[in-house]
There are 2 protein chains.
Amino acid sequence: MASISVLGYGVVGTGIADLINKNKEKFKSITGEDLNISSILVRDKSKHEQKQNYHLITDNIEKVFNSPVDIIVEVMGGIHPAYDYVKKALKLKKHVVTANKDLIAEHGKELLDLAEANGVTLNFEASVGGGIPILKPLIECLSGNEIIGIKAILNGTTNFILSKMYSENASYEDALKLAQELGFAEANPDSDVLGYDAARKLSILSTIAYNKKINWKDLNLNGITSIDKIDFEYAKLNECTIKLLAVSKSQNNKVYGFVQPVMVRLDSYLSKLDDELNGIVIEGDAVGNVFFSGKGAGMLPTASSVFGDITDIIQNKNKKNIKFNADNAFIEKCWCDKSSWLVRIKTEDRLNTICTLSNNFKNCHIYTSNVTQANEVAAVIYEEYESTLKHTLEKFLDIPYINEIKKFMVL
Amino acid sequence: MASISVLGYGVVGTGIADLINKNKEKFKSITGEDLNISSILVRDKSKHEQKQNYHLITDNIEKVFNSPVDIIVEVMGGIHPAYDYVKKALKLKKHVVTANKDLIAEHGKELLDLAEANGVTLNFEASVGGGIPILKPLIECLSGNEIIGIKAILNGTTNFILSKMYSENASYEDALKLAQELGFAEANPDSDVLGYDAARKLSILSTIAYNKKINWKDLNLNGITSIDKIDFEYAKLNECTIKLLAVSKSQNNKVYGFVQPVMVRLDSYLSKLDDELNGIVIEGDAVGNVFFSGKGAGMLPTASSVFGDITDIIQNKNKKNIKFNADNAFIEKCWCDKSSWLVRIKTEDRLNTICTLSNNFKNCHIYTSNVTQANEVAAVIYEEYESTLKHTLEKFLDIPYINEIKKFMVL
């Protein structure tokens with residue numbers, strides 16, 4: 001008998017209870033064991049009176065820990081009290097499955113060590129990419145590879161907003177409002193639109209991929225809040241769309257990593273991921289590029305990954321946990337490879353700005369199309385290192401007639 | 001100590017030996033065990049005298065079985081003698097990893113049962129999709145899903161040929177010749193170009209996905225040998241390319257399955273998979289569509305999957321094998337859903353053929369462009385069942401002035 005306690009009975013918790021009830025027979029045929037929910041922890045029981053599994057609901061965490069439970073499924077989200085509950089569960093030698101990227105990004109190493117010390121498993125497939133199988137394939141199937149790089153769309157909210165800005169020519173504000181109305185964005189969307197959520201997921205993937213500690217706050221972070229309609233017009237001129245990309249690369253013992261809006265060519269896979277879809281390209285030295293995509297969030301996709309994690313624990317009882325390395329990676333914020341860049345320079349003197357651009361960047365195309373605003377110069381600068389570009393653009397800002405510069409990588 | 005014997009030392013065997021030698025330290029850090037090649041079986045030792053691992057090479061299978069070996073890696077390909085060697089290995093309680101789709105498609109059930117009876121594992125990730133992690137994600141990560149459908153490009157040779165026909169306007173014969181020169185196609189390309197290879201892989205995926213026995217020969221099979229330049233011109237008119245798709249679907253206790261050239265819209269993921277790339281869309285009832293792509297063949301991509309299988313065996317020593325169900329699926333050759341179809345009708349009487357088409361298919365667009373050949377009528381028929389279409393087109397062939405009909409699904 002595999003006895004499950006679910007902490008949290010919101011959207012994801014409900015999906016997990018549904019999948020468990022639906023798949024009992026299949027689970028038994030795979031693992032030889034019965035699958036059973038022993039309790040569901042909620043904050044306020046009165047809110048769940050109408051629900052199917054009301055008899056399993058408790059608001060008392062001690063009751064959960066004192067009941068005969070093999071696996072604790074944590075889908076409360078956030079750090080508190082999830083962190084304390086998961087720690088306590090592991091110390092009580094309960095296996096844990098979590099969908100909580102904040103928890104794993106902040107405390108993954110400590111929790112994995114604690115799991116190992118107590119001879120239990122901590123699985124967290126749903127914490128990155130929602131329903132997409134990505135952590136198990138990365139850790140297990142690609143174990144013969146040195147991972148060179150990761151390029152991904154990891155946040156459904158921002159991808160939905162940017163998709164609407166592209167396809168419906170919506171403003172950022174209108175697209176955000178629509179996302180909130182449809183439940184794709186929260187009332188306070190900061191964690192998504194500022195890129196924090198994607199950065200946490202990228203840090204989990206990169207920590208595993210490069211076997212070094214990657215703190216999400218050390219990545220080069222830029223959200224989507226300042227993206228406007230004109231940016232999309234330039235993207236279209238360039239046969240691109242704009243995506244919030246989460247990218248990292250390991251090279252010469254350094255890790256390069258960013259989460260930022262990037263102009264992505266329309267003929268690439270990642271440009272085809274619309275709305276709430278997520279996608280991840282993993283580059284391994286043996287396998288080359290492998291691409292995974294699917295729904296990055298939502299009730300049943302997330303529950304699908306959690307269910308896979310539960311099956312994994314019951315099937316592979318003595319499996320060692322993945323370890324998160326304690327050694328900090330040396331993280332560089334400027335990108336390692338030459339790239340093309342789209343720059344928009346707000347200026348009071350277009351002619352002199354064009355001269356300045358041409359003098360500083362030999363390989364540069366200055367836009368003369370009717371997208372160009374009266375008080376700005378826009379250009380694509382080809383084959384330039386980010387460090388050089390950044391240094392030069394910083395000097396531009398000292399020029400009196402140049403007021404503001406916005407830049408996008410073109411990938 | 002995990003001691004490996006490799007059967008076969010061609011391209012894939014060489015890649016595996018390389019990956020094992022390169023990843024010994026990593027393997028130890030993951031599993032806690034040393035990894036070691038104890039022997040490599042070849043047919044003719046004299047051909048391998050210059051190779052790095054010559055001291056490990058033997059042409060005597062009994063030597064392999066009598067040496068202390070934990071895992072037999074079978075990368076000889078073909079049914080004989082691979083089938084006998086794998087059976088003997090399993091009976092001797094050796095774990096087996098194979099990249100051999102012919103073997104698994106033909107004898108998968110027997111071999112998996114044999115492995116289970118002997119308490120050992122038979123892994124075969126590389127048999128489908130080469131380097132792409134697909135079987136483990138399907139079996140383990142998506143275990144909470146009922147799998148509804150599979151849509152895939154599973155053969156690199158035909159995908160290379162069709163890519164060249166599309167992008168370089170090459171004839172089938174020229175593209176095949178190029179593929180042979182570059183090593184993407186064998187001297188006898190029948191198994192690839194007739195669709196047998198893709199059908200074997202689709203049968204493995206479908207057998208797992210629907211938990212029913214799917215014999216590859218029961219699928220609706222059409223190769224690419226009759227695809228010509230004009231087909232591609234019609235594809236382009238339709239904003240499509242042509243791909244050899246391997247598609248199956250489970251519905252109302254029936255399985256629908258085909259491998260055939262399909263007109264694939266240019267805005268879809270699968271149309272973006274060029275040259276030797278493979279890609280697989282799995283549709284699960286909880287997770288929705290999940291897409292996996294990468295290199296479907298080649299030395300190191302295949303070795304990457306084999307290495308993952310080896311790690312899996314050492315890490316999860318008591319894992320149960322997946323079972324192949326003995327119950328035959330009820331397989332329907334005509335596709336279950338309404339679809340659009342492009343038809344090309346060779347005729348001696350265009351006007352009457354156009355009338356016949358219009359009379360029989362209400363929702364139909366007849367091409368009048370300059371692609372159209374003097375002796376043919378081409379049309380897209382919308383929203384029609386394959387069974388209805390087939391029945392009607394068969395009647396057309398009884399009309400004296402209609403000589404030949406070619407049809408493509410448009411997806």
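As a basis for the values below, the full set of heavy atoms in this structure was taken, side chains included, without hydrogen atoms, waters or symmetry mates.
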Portion of A/Leu142 that has a non-hydrogen atom of chain B nearer than 4.5 angstrom: both
Which atoms of A/Leu273 approach chain B - backbone, side chain, both or neither, heavy atom under 4.5 Å: both
Part of B/Leu19 lying under 4.5 Å from any heavy atom of chain A: side chain
Largest heavy-atom contact set with chain A, pairs under 4.5 Å, which of B/Val287, B/Ile132, B/Val306: B/Val287
Between CZ on residue A/Phe292 and SG on residue B/Cys141, distance to nearest 0.5 Å: 9.5 Å
Most contacts with chain A, counted as non-hydrogen pairs under 4.5 angstrom, among B/Gly279, B/Pro301, B/Gly32: B/Pro301
Sub-4.5 Å side-chain heavy-atom contact between A/Phe291 and B/Phe291: yes
Closest-packed option against chain A by number of heavy-atom pairs under 4.5 Å, given B/Gly144, B/Gly15, B/Pro137: B/Gly144
Pairs involving residues 126-135 of chain A, ordered by first then second residue, that meet salt bridge (charged side-chain N to carboxylate O under 4.0 Å, His left out) (sequence neighbours left out): none
Heavy-atom pairs under 4.5 Å with chain A, option from B/Pro133, B/Gly308, B/Gly130 with the top count: B/Pro133
Can you list every donor-acceptor pair under 3.5 Å that links chain A to chain B?
unit_1	atom_1	unit_2	atom_2	d
A/Lys22	NZ	B/Asp285	OD2	2.1
A/Asn23	ND2	B/Gly144	O	3.0
A/Lys26	NZ	B/Ser143	O	2.8
A/Lys26	NZ	B/Asn145	O	2.8
A/Lys136	NZ	B/Glu140	OE1	2.4
A/Glu140	OE1	B/Lys136	NZ	2.5
A/Ser143	O	B/Lys26	NZ	2.8
A/Ser143	OG	B/Thr311	OG1	3.0
A/Gly144	O	B/Asn23	ND2	2.9
A/Asn145	O	B/Lys26	NZ	2.8
A/Asn145	ND2	B/Ser304	OG	2.8
A/Asp285	OD2	B/Lys22	NZ	2.1
A/Phe291	N	B/Ser293	O	2.8
A/Phe291	O	B/Ser293	N	2.8
A/Ser293	N	B/Phe291	O	2.9
A/Ser293	O	B/Phe291	N	2.8
A/Ser304	OG	B/Asn145	ND2	2.8
A/Thr311	OG1	B/Ser143	OG	3.0

